[in-house]
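Accompanying notes for the structure given below.
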Amino acid sequence: MAESQAVHAVHAHQFEDLDQQHDVGTLGMWAFLATEIMFFGGLFAGYTVYRYLYLPSFEAGSRLLDIRLGAINTAVLLGSSLTMALAVRAAQTNKRKALATFLVLTMILGGVFLGIKFVEYAHKWEHHLVPGLHWAPDAEEVAQIQGLKPGAAAPQVELFLCFYFFMTGMHALHMIIGFGIMTVMLVLSLRGRFSSEYYSPIEVTGLYWHFVDIIWIFLFPLLYLVGGRY
Amino acid sequence: MLLKLPFQPDQASTIAEGVDRLYLFLTFITLFFTAIIFATIFYFAVKYRRRSDDERPPEIEGSLPLELAWTLIPTLLTVVIFVWASSLYFRNARPPRASSEIFVVGKQWMWHLQHPEGPREINELHVPVGVPIQLTMTSEDVIHDFFIPAFRIKKDALPGRYSSIWFEATKIGTYHFFCAQYCGAEHSGMIGWVYVMSPADYAQWLANNSSGETMEAAGRRLFNQVGCNGCHSESSSATGPSLKGLYGQSVRLADGRTVPANDDYLRGTILTPFKQRVAGYPAIMPTFQGQVNEEQILQLIAYLKSLGPEEGKVKQ
Amino acid sequence: MSGHVVSVKNYVLIFLALLALTALTTGVAFIDLGPYNTMVALAIAGCKMMLVVLFFMHILYSRNLTKIVAAAGLLWLMILLTLTMSDFATRNWTPEPSGWNAGGKSSGAPAPAGAATAPSTPATESH
Amino acid sequence: MSATIAEVPIESRVHYLNADYGIRSWLLTTDHKRIALLYLASITFMFFIGGAAAVLIRLHLLEPQGALVQPETYNKLFTMHGVVMIFFFLIPAIPAVLGNFLVPLMIGARDLAFPRLNLLSWYVYVVGALFTLAALLTGGVDTGWTFYTPYSTTYSNSNVILVGLGAFITGFSSILTGLNFIVTIHKMRAPGLTWFRMPLFIWAIYATSIIFLLGTPVVAITLALLALERLLHVGIFDPKLGGDPLLFQHLFWFYSHPAVYIMILPALGVMSELISCFSRKRIFGYSFVGFSSMAIAALSFLVWGHHMFVTGQSVYAGLVFSALSFLVAIPSAIKVFNWTATLYKGSISYDAPMLYALGFIGLFTMGGLTGLFLASLATDVHLNGTYFIVAHFHYIMVGGTIMAYLGGLHFWWPKISGRLYPDGWARFAALIIFVGFNLTFFPQFMLGYLGMPRRYAVYPPEFQVLNVMSSAGASILGVGYLIPLIYFIWSLRYGPPAGPNPWKAKGLEWQTPSPPPTENFEEIPVVTEEAYAYAAEEKHGG
Ligand code: HEA
Ligand code: HEA
Ligand code: CUA
Ligand SMILES: [Cu+2]
């Protein structure tokens, strides 16, 4: 937020002081997150409607997903939220080395998450279960789908998987954007730009990352758990 | 006739007059408020026009009673309008028990209409005066909308499901109908005429035009031709359920739901059998999507409906 | 510049609670509770969200304005879901185009779909 | 206050327009005032694109068989007209031009909270516009601005995705602008400027921003789903595969109904400023007018289903949506009555901005009240999909919002440019626009009631007379819009200097020179009185 006219290197001209600037940063991010809720909201609405209309198929579709990988991924992402929270804390308490370490840890955990996600996607591809692009389940697979829940039908399972891919894909896209932001933060923190005086960008990055985590907290039950495993 | 506005479309159905009365009332409200506001503004603007450049008018904060007045009066008015409009709508939406049915299929860019007695028309609709008629509509492709201005009725014809409207024509004559939902290049060409005829003329017209078979007969023919009878025969070796007396009952599905066996249900079983499997039968009925078009499906349904409530279907 | 500093211990405790809830919700998926499975899963997800929002995202220590902004997002999501479902969930309440009485029994009574619980035909009462 | 600023000729003073020269100084500016002007130029350009389409539409409809083009082309014309006018002109019009220029000035701040985000939002807008124009040049799009499925996903073979992308991208421009306004209004008000001292324009912009933030993302994701379905045909909205086309309509209108209030709320805000200034009075019932903006913003999200009364939506949902639609009319009524009451015992002058304002009240009232015909279930069944709808929304959007926008532009032009425009011409233009407007769109109410469907390239001959009237009106209207364009440009060079406060108006923006310096205020003002303290001035002797 450096504007050349400003006296202090990090103090932008339109603000009275740093405190105001910090407030503005967090409020801006929260407002943006409200927007993000509605962005995913459109997907949740579509999901809700079709789940209501085609419950058996959605349950069958859900059973095609790997609940173990889903649970592990949830844990991984929660871990990255923890390290992110600790990164913000490190900034608050002026521990510059810890800040960089925690940022790196967060990125690593995020990477693990995406890696696992990739494995899942690849698995779906192998089984011809990618709607639109690679959807050609053979007779056996169709029978398997239909066996999962009475009343399930392949076209609606495809619809479920379509939501699965679009929702998790959007989520992954947000994580990738988060990666980009965090790389910038890492560079800036290595250059010593942050301190307990000025850590607003780190905090705002944290908010974003936690939000992405929360989306997953809901995607996990909605996509992996609805079908049950009993 | 008292209600005849200078630029009013024909009033040719039992519904039209009620709608026009509401329309007139709303017009009156609009004129009333517009007039009040214009008059007041005009009066103030002249009376309190600026006379010198450094005039300072008195301070007026506002007035709670006034605020309440112009909040509550419009609110009350809207309540009146809402109740009036909604009850009228519900009355208009419900077809009388004795309606006879005509089937409408919209497709880019024409209307196909079939009478149960057999006659089929394109972009023309012949109906008798004084008889409630229900239109059951669907679409082969995109969303269309069947609109008869003189009857004040309109409803979307959607792909994948049935919608319906009804009317009772009150005046013999010829009226426009339009497609009122944008549907592509020839949207504005998807128009036609309703011919409202005296019952005698209508009977004559029916007789002259039903050289073909009735919808029910066409349905029976299709039933055998497409191969439904292979599974749905009355023989004990049939793999599918008997369809006698099915229409109007409720059906228990394999996933536990219970649904009414109405037009939409029958249509669903033919096109998307996987969406609703009847409990207790193997899931072998294939989809007939692409083998029968919407009109033929309507004929099949007409046939299924005609399989009266015989002594029920014998189940093992 | 000040901001509430949460202790490391608390952060770790929250994290452990989150892991426990994840394990719980996964475990519940293996038990058949009928429609309650979904409710439990969503309730647990709601708890997890609250933990993250309150502590990791410092809402607990934030100004009211921030809380309102966060709540507004959720409220609007609810509006979207509720009013959309108000259409889909009530569509079958209306009598279907059943005016035509050919065939079919005395039926066509404008009974809401939900009311037609017991299957009444031998035809559909499977075996 | 105003008297303290010496009237220096504009040229000799450094202000935001001459602080820096050259293309780069504009394209890389973070000054909210310059960004406002960038927006002004771009939306004016888009307006004339949309207007050109309108001209062709009206020419074509002179004859029942269609005077000009093939139906396919006609469909592309009204689609382009709708898309350009809504997404690229009217939605950004007041917020991004007047809002950008005025919000910091009115609340006594040096800039918006995120100046670079502000510039980014303009670039995002431009990129979105370029996509749309590219689609226009490579064959256009023919779905109607509503993109209804399954026509748009399966049957149309025009550039749906490109235009969808354009609208999607511009959506983010709106979001960024809204975000900026919300944070700025919360955090950057000058000392002493409490919420209830704020100008009502700021309240309106605030309410608008809420809709920007909470509504726009939904249409973005909806358009994304639309594109996905069009590319992959997976059945999200396709009934053949189990999808439901009404889901698209729900998601689309969840945004697009609130969007109509995005288009009217800022106009209502401008109105409050104009009425109070030209009657030299505090707005009657200030807090009612302020809160009614918030009420409109909140209620606007609850009524979208009124666009779907005849589409096969559940009748019970229709009932709820109808009731709520009536509810949202009440806050609008409150505003209209309060403006009228403000005139009482005022000191009313007939400068050009006031003429636009008075025109607005009349046309908005008519447009709004005809909305009641449509919110009523029984009458909407007849009127849906006819020219009655077209007339309804043009009365509000063209008769209402554009009137207010032009009124606002005339009001703040001296502040923006530092120059006065010829008042006589301005009044003349206002009159021409008012007359031309009514001639264009009043006949369309009658057409609609008679049953002429909208989006018809060819129509039955009995509707011709009214259509010709409408086309005649449109040509007058078109001329009316060209006049201000000419004298505004003229005034940039030849207009007499305006001085800081030509209208003797209240409000912080009038307490700084015209055009304002880059930093807006030499010193951040301290506010001690409410926005419309016209009477206070007398007491304190100015
Ligand atoms: C700026 C844009 C704008 C605004 C502000 C409005 C405002 C309103 N609109 Fe409109 N509308 C559109 C733009 C707008 N509309 C567009 C673009 C479409 C068509 C989209 C398409 O299909 O392409 C549309 C379509 C539309 C429909 C759908 C019709 C159909 O397709 O079948 C309906 C139905 O309810 C409706 C209702 C209303 C109502 C009740 C208001 C209310 O908010 C109006 C409130 C104002 C007043 C009531 C006037 C002031 C009050 C008084 C003077 C006091 C007296 C008041 C009372 C007695 C209540 N509008
Ligand atoms: C902000 C929104 C906005 C604005 C300002 C306008 C402005 C106008 N609109 Fe439009 N209109 C819509 C929004 C708007 N419209 C929408 C959303 C639709 C629905 C689309 C759909 O169905 O999908 C619509 C549809 C619509 C139709 C219905 C088409 C149909 O359903 O078949 C008509 C018909 O008369 C019309 C006319 C006009 C006219 C005459 C103007 C006039 O006010 C325009 C006046 C401006 C000018 C005349 C420009 C002046 C410029 C020149 C004179 C230069 C000309 C240059 C060249 C010819 C090179 N509009
Ligand atoms: Cu069919 Cu329009
Ligand atoms: Cu609306």
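Remember, it's a predicted structure, so these values are computed and weren't measured experimentally. Convention: sequence-line order gives letters A, B, ...; per-chain numbering from 1.
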Contacting region of A:Leu207 [heavy-atom separation from chain C under 4.5 Å]: both
Spatial distance of atom CG (A:Leu77) from atom CD1 (A:Ile217) [nearest 0.5 Å]: 8.0 Å
Atom group of A:Arg63 that falls short of 4.5 Å from chain C, counting heavy atoms: neither
Close side-chain approach of C:Thr25 to A:Phe220, heavy-atom, < 4.5 Å: yes
Note, A:Tyr47 side chain near A:Val226 side chain (heavy atom, < 4.5 Å): yes
Residues of residues 103-115 of chain A with any heavy atom under 4.5 Å of a heavy atom in chain C: none
Side-chain heavy-atom pair A:Ile181, A:Val204 within 4.5 angstrom cut-off: no
Non-hydrogen side-chain atoms of A:Thr74 and C:Lys48 separated by less than 4.5 Å: yes
Straight-line distance of A:Gln92 CD to A:Phe194 CZ, nearest 0.5 Å: 13.5 Å
Proximity breakdown for A:Tyr224 and chain C, heavy-atom pairs closer than 4.5 Å: neither
Contacting moiety of A:Ile214, where chain C heavy atoms sit under 4.5 Å: side chain
C:Tyr36 OH: over 12 foreign heavy atoms closer than 6.0 Å: no
Proximity breakdown for A:Thr93 and chain C, heavy-atom pairs closer than 4.5 Å: side chain
Interatomic spacing from OG in A:Ser81 to OH in C:Tyr11 - rounded to 0.5 Å: 10.5 Å
Engaged part of A:Leu78 at the chain C interface, taking heavy atoms whose separation is under 4.5 Å: both
Closest contact, heavy atoms only, A:Phe163 versus A:Tyr50: CE1-CD1, 3.4 Å
Contact leader toward chain C among A:Leu222, A:Asp213, A:Val49, A:Leu27, where contacts are heavy-atom pairs under 4.5 Å: A:Val49
Region of C:Met85 in contact with chain A, defined by heavy-atom distances below 4.5 Å: side chain
Atom pair OG (A:Ser196) and CZ (A:Arg89), whose distance is rounded to the nearest 0.5 Å: 12.5 Å
Portion of C:Leu77 that has a non-hydrogen atom of chain A nearer than 4.5 angstrom: both
Side chain / backbone / both / neither for C:Ile59 at chain A, heavy atoms under 4.5 Å: side chain
Proximity breakdown for A:Leu55 and chain C, heavy-atom pairs closer than 4.5 Å: neither
Intermediate values then yes/no, side-chain contact (heavy atoms from CB on, under 4.5 Å), C:Phe55 and C:Asn10: CA-CA 9 Å; C:Phe55 298 100; C:Asn10 281 353; over 6 Å; no
Beyond-backbone contact of A:Glu203 with A:Met29, side-chain heavy atoms, under 4.5 angstrom: no
Side-chain heavy atoms of A:Met175 within contact of A:Trp209, under 4.5 Å: yes
Region of C:Val28 in contact with chain A, defined by heavy-atom distances below 4.5 Å: neither
Test: C:Arg91 cationic atom under 6.0 Å from C:Phe88 six-membered ring centre, within 45° of axis: yes
Flag side-chain contact, heavy atom, 4.5 Å: A:Phe40 against A:His174: yes
Note, A:Leu82 side chain near C:Phe56 side chain (heavy atom, < 4.5 Å): yes
Interface moiety of A:Glu36 toward chain C, non-hydrogen atoms closer than 4.5 Å: neither
Region of C:Leu18 that comes under 4.5 Å of a non-hydrogen atom in chain A: both
Residue pair A:Ser195 / A:Arg96: nearest heavy atoms and the distance that separates them: CB-NH2, 3.8 Å
For chain A, which residues of residues 61-68 of chain C have heavy atoms nearer than 4.5 angstrom: C:Arg63, C:Leu65, C:Thr66
Part of C:Asn37 lying under 4.5 Å from any heavy atom of chain A: side chain
